[in-house]
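Written out below as structure tokens is the structure these notes cover.
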Amino acid sequence: MIVLIILGSIPALREPQEANGGLTDFDLYVPVLILFNLAILAMTALPAYAVGCAVVAVGWFRWE
């Protein structure tokens, strides 16, 4: 979110580019940031999910 605010405040990124089909560089970078954030959230949640599956699969085994 902070990166979006910083990039949105740079005037050069808000000017439409003909090479980009009339889109700004900011318009093109927003989907990349969204996918990057989703990937980070998925990788953060994956270890907890994997441990939960391991506990269910090997519920009889206890570390003591």
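Computed over heavy atoms, backbone and side chain alike; hydrogens, waters and symmetry mates excluded.
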* I34: partners by side chain to side chain contact (heavy atoms under 4.5 Å, CB included), with sequence neighbours left out ->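 Checked I34 against side chain to side chain contact (heavy atoms under 4.5 Å, CB included); matches are V30, L38.
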
Return all side-chain donor-acceptor pairs below 3.5 angstrom for residues 9-19, not counting sequence neighbours, or 'none' if the list is empty.
residue	atom	partner	partner atom	Å
S9	OG	I5	O	3.4
S9	OG	I6	O	2.7
R14	NE	G8	O	2.9
Q17	NE2	E15	O	3.4

* To do: Tell me, please, which residues at least two apart from N37 pass side chain to side chain donor-acceptor pair (under 3.5 Å).
  =>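 Not a single residue meets the side chain to side chain donor-acceptor pair (under 3.5 Å) criterion with N37.
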
* If you look only at pairs with a residue in residues 23-36, which of them pass as a side chain to side chain donor-acceptor pair (under 3.5 Å), with sequence neighbours excluded? ->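 Qualifying pairs: N20-D25, T24-D27.
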
